[in-house]
Amino acid sequence: MVTTHPFEDDKLHEECAIFGILGSDEAAALTALGLHALQHRGQEAAGIVSFDGTQFPAHREVGLVGDIFGRQSVIERLSGNSAIGHTRYSTTGEPMMRNVQPLFADLEFGGLAIAHNGNLTNALTMRRELVHRGCIFQSTTDTEIIIHLMATRRGAVVERLISSLRQIEGAYSIVALAKDTLIGVRDPLGVRPLVLGQFGESYILASESCAFDIIGAEYIRDIEPGEMIVIDDQGPHSHFPFPPMPSRFCVFEYIYFSRPDSMVEGTSVYEARKRIGMELAKESPIDADVIVPIPDSGVPAAIGFSQAAGVPFEYGIIRNHYVGRTFIEPSDEIRHLGVKLKHSANRAYINGKRVVLVDDSIVRGTTSRKIVEMVRHAGASEVHMRISSPPTTNSCFYGVDTPEREALLAARNSVEEMRQLIGADSLRFISIDGLYRAMGQPERNKDAPHYCDACFTGEYPVPLTDVDGEQDPRQLSLLAEIG
Ligand code: SF4
């Protein structure tokens, strides 16, 4: 049965990636390559808008970046020396096409293309106000709210954007293109990532630095929380339109979302994951014969665990990389089938062994249960599970695709109950303080945590204006659609 919500595995998913470049004759081709490197952040649809000196050619399509922009004819039409692009992880089907970004609008000052990663947490409230004032929305994305706000302001593009952003709340990163000006913005708390790079004379903005490596560009720095960077023929210059606030970067970017070869806040994501694995081994030691990662995302933490524990690391589970995406109803039965298709046990390294499985998270728990069962069938004498994040007990409202709270295994069960449900001999998660220690902090500062960790603690750093304020079921269903 075809559904509107595909799933790949039992994980949280980033919902978008953004990329922008100014000052290259190959702007669209470089944007396509950058989006290709960011494909892990969104696989449903992609789009690029360029500026050719007069027009803003655009191409948006449902599918993977390589399939959409691998065609020379598409790239040739996206002429010009500046471009922005977007990949999206969200719903499929006809209603989605109008939500494929970047969005474009002709405003009083000229054309504006804009794309964002994240979520505006007062989107519904703002949208209602704008509709009341006569705005006609073409899509259900948060991004369009920013366009309508800018349309009602006065002044040049930067002033209009600043004034509009002061009206909104949320966790977001934005790229925008207005003629010869490329703009990037991070929300005041810097929950979602955005980095600056350079490629010859060109400047680039991207969700992650792995988008620079694919084209040989240089990573310069992270855009600061609350910073608006404006890049034109004078080079980059910064504005700080919001009152300064302590940073609350999404800690899950380190645990799972970002590619391990990306640099975040000057730190290698791979290195961070290894350190988390080491801390986990210190917190929850276990006598074992072999450390086995759940591929691919559990690999760096398992290496760290193995090094700290002094127990050999082996690929005891092999992932089949050629399993297609499963566009089927996510019933429990089918999820189990998906896991069987995707992973198989490397019996020679498991049979008769005390195995420690290392994974980055447990969301619904369906994958964990199946993998534990598979490893037992392959002859393991003991199967222990170690998780390099604290229990995921709360949904994310900041641009990450999370099941409702009730569907999160850790929201309904104690760690011991979870152990029984997945069938492991032992189950341990890294503690929240252990996670902060691995990230170089002495512990989690309860009064001013360094990261957003709301999916583990329930302490949401950006107000959930829409979620908290809505009682009307019609508005809640619109909120779900917008989200
Ligand atoms: S709630 Fe979790 S996934 Fe969402 S931004 Fe915060 S740390 Fe990241």
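All figures in this text were calculated on a predicted structure; none of them were measured in a lab. Indexing begins at 1, ligand by ligand and atom by atom, following the structure's order.
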- Please assess E129 against C135 for the test side-chain contact (heavy atoms from CB on, under 4.5 Å), listing each intermediate value before the final yes or no. CA-CA 9 Å; E129 266 182 47; C135 294; over 6 Å; no

- Message: Could you go through M245 and R248, starting from their C-alpha distance and side-chain angles, then the distance that decides it, and tell me whether this counts as side-chain contact (heavy atoms from CB on, under 4.5 Å)?
- Response: CA-CA 9 Å; M245 299 172 94; R248 296 292 298 272; over 6 Å; no

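For atom 4 (Fe) of ligand 1, the neighbouring protein N/O/S atoms at less than 2.8 Å, given as residue and atom, are C396 SG.
Of all heavy-atom pairs between R160 and S164, the closest is O-OG, 2.7 Å.
Remark: aromatic rings of F397 and Y460 are close, center separation under 6.0 Å. For an aromatic pair to be called close, the ring centres must be under 6.0 Å apart, and Y315 with F313 satisfies this. A ring-centre distance under 6.0 Å is not found for F252 and Y451. Taking the centre of each ring, H450 and Y436 stay at or above the 6.0 Å mark.
Interface atoms of ligand 1 facing F257, defined by a heavy-atom separation under 4.0 Å, are 3 (S). Each of the following atoms of ligand 1 lies closer than 4.0 Å to a heavy atom of R192: 5 (S).
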